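These notes are about the structure you will find just below.
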Amino acid sequence: GAGVSQSPRYKVAKRGQDVALRCDPISGHVSLFWYQQALGQGPEFLTYFQNEAQLDKSGLPSDRFFAERPEGSVSTLKIQRTQQEDSAVYLCASSSGTSTHEQYFGPGTRLTVT
Amino acid sequence: QKEVEQNSGPLSVPEGAIASLNCTYSDRGSQSFFWYRQYSGKSPELIMFIYSNGDKEDGRFTAQLNKASQYVSLLIRDSQPSDSATYLCAVPGDGSNTGKLIFGQGTTLQVKP
């Protein structure tokens, strides 16, 4: 069956540009997570959705980061006025339950800010 | 802030040997522990989870949990070159069970033929 998909797979942005990263979770998965992974590091939690509700956004590094999941399926992570320190791989994960830690990750979007 | 610590490695073992990967965590209240495997350029993939003290075996993989010492380890028996990857240890990030995970930085394993 289809797994988690993300687009674009690679994105190069000039400093100051806005970017939008898309995640399509596994069909029917209630929970959706965004993580940021810097080179040589483990993923760091950004935000969590249960259906369309954003229940935890404690990991978003600044108010330039915004995420939404308006219909409880596809999610978009938007970064405004990108900075070089935003360069990383952005991973989306989904899980079937509301308290399960068995998360399925998408391939990620590698963002490079020049 | 919960912390998960791993030695970044690389850990190099010959093919057929046992690879031992270790992880320590700061929060004594952590109840569950997860091991993800991440091949270079790919996304993390869940391979094992453990909730209880002791050992849990799944094929060539064994997870070991010692809550008193706050460490969890992953043993890979009969290591194969295809096991070469980064292994990430993770614990739940909060008590409300949203599923949020806190990851260590990962240990890179190299299995040499």
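Just so we're on the same page: letters track the sequence lines, and every chain starts at 1. Please read these numbers as outputs of a predicted model, since none were measured by experiment.
- Summarising the local packing, CD of A/Glu44 is surrounded by 12 or fewer heavy atoms from other residues, nucleotides or ligands at distances under 6.0 Å.
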Requested in this report: For the pair B/Phe34 and A/Gln103, evaluate side-chain contact (heavy atoms from CB on, under 4.5 Å) and give the outcome as yes or no after the intermediate values.
Outcome: CA-CA 10 Å; B/Phe34 301 83; A/Gln103 300 176 20; over 6 Å; no
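- Linking ILVMFWY side-chain heavy atoms closer than 4.5 Å, directly or via other members, places B/Ile50 and B/Leu21 in a single hydrophobic cluster.
- Within 6.0 Å of OH in B/Tyr39 there are more than 12 heavy atoms belonging to other residues, nucleotides or ligands.
- Looking at A/Gln37, only its side chain comes within 4.5 Å of chain B, counting heavy atoms on both sides.
- Under the 4.5 Å side-chain heavy-atom criterion for Ile, Leu, Val, Met, Phe, Trp and Tyr, B/Ile76 and B/Leu11 are members of the same hydrophobic cluster.
- Of the possible polar contacts, one joining the B/Ser43 side chain to the A/Gly106 backbone as a donor-acceptor pair under 3.5 Å is found.
- A/Pro43 touches chain B through backbone and side chain together, each having a heavy atom under 4.5 Å away.
- Linking ILVMFWY residues whenever their side-chain heavy atoms come closer than 4.5 Å, directly or via other members, places A/Phe65 and A/Leu111 in the same cluster.
- A 6.0 Å sphere centred on CZ of A/Arg15 holds no more than 12 heavy atoms belonging to other residues, nucleotides or ligands.
- In the hydrophobic cluster analysis, where Ile, Leu, Val, Met, Phe, Trp and Tyr join through side-chain heavy atoms closer than 4.5 angstrom, A/Phe33 is grouped apart from A/Ile26.
- Using a 4.5 Å cut-off between side-chain heavy atoms of Ile, Leu, Val, Met, Phe, Trp and Tyr, with links allowed through other members, A/Tyr48 and A/Phe66 fall into different hydrophobic clusters.
- Heavy-atom neighbours of chain B within the stretch residues 84-94 of chain A, taken at a separation under 4.5 angstrom, comprise A/Leu91.
- Panel note: side chain A/Tyr104, backbone B/Leu46; no donor-acceptor pair is recorded below 3.5 Å.
- Within 6.0 Å of atom NZ in A/Lys57, 12 or fewer heavy atoms from other residues, nucleotides or ligands are found, so the atom counts as exposed in its surroundings.
- Proximity of B/Lys100 to A/Phe45: side-chain heavy atoms (C-beta onward) are separated by under 4.5 Å at one or more points.
- Heavy atoms closer than 4.5 Å to chain A are found in the side chain of B/Leu88, but not in its backbone.
- For B/Glu45, no part sits under 4.5 Å from any heavy atom of chain A, backbone or side chain.
- Side-chain rings of A/Tyr35 and B/Phe103 approach one another, their centers coming within less than 6.0 Å.
- Heavy atoms closer than 4.5 Å to chain B are found in the side chain of A/Ser58, but not in its backbone.
- Taking NZ from B/Lys42 and CZ from A/Phe105, the interatomic distance works out to 16.0 Å, rounded to the nearest 0.5 Å.
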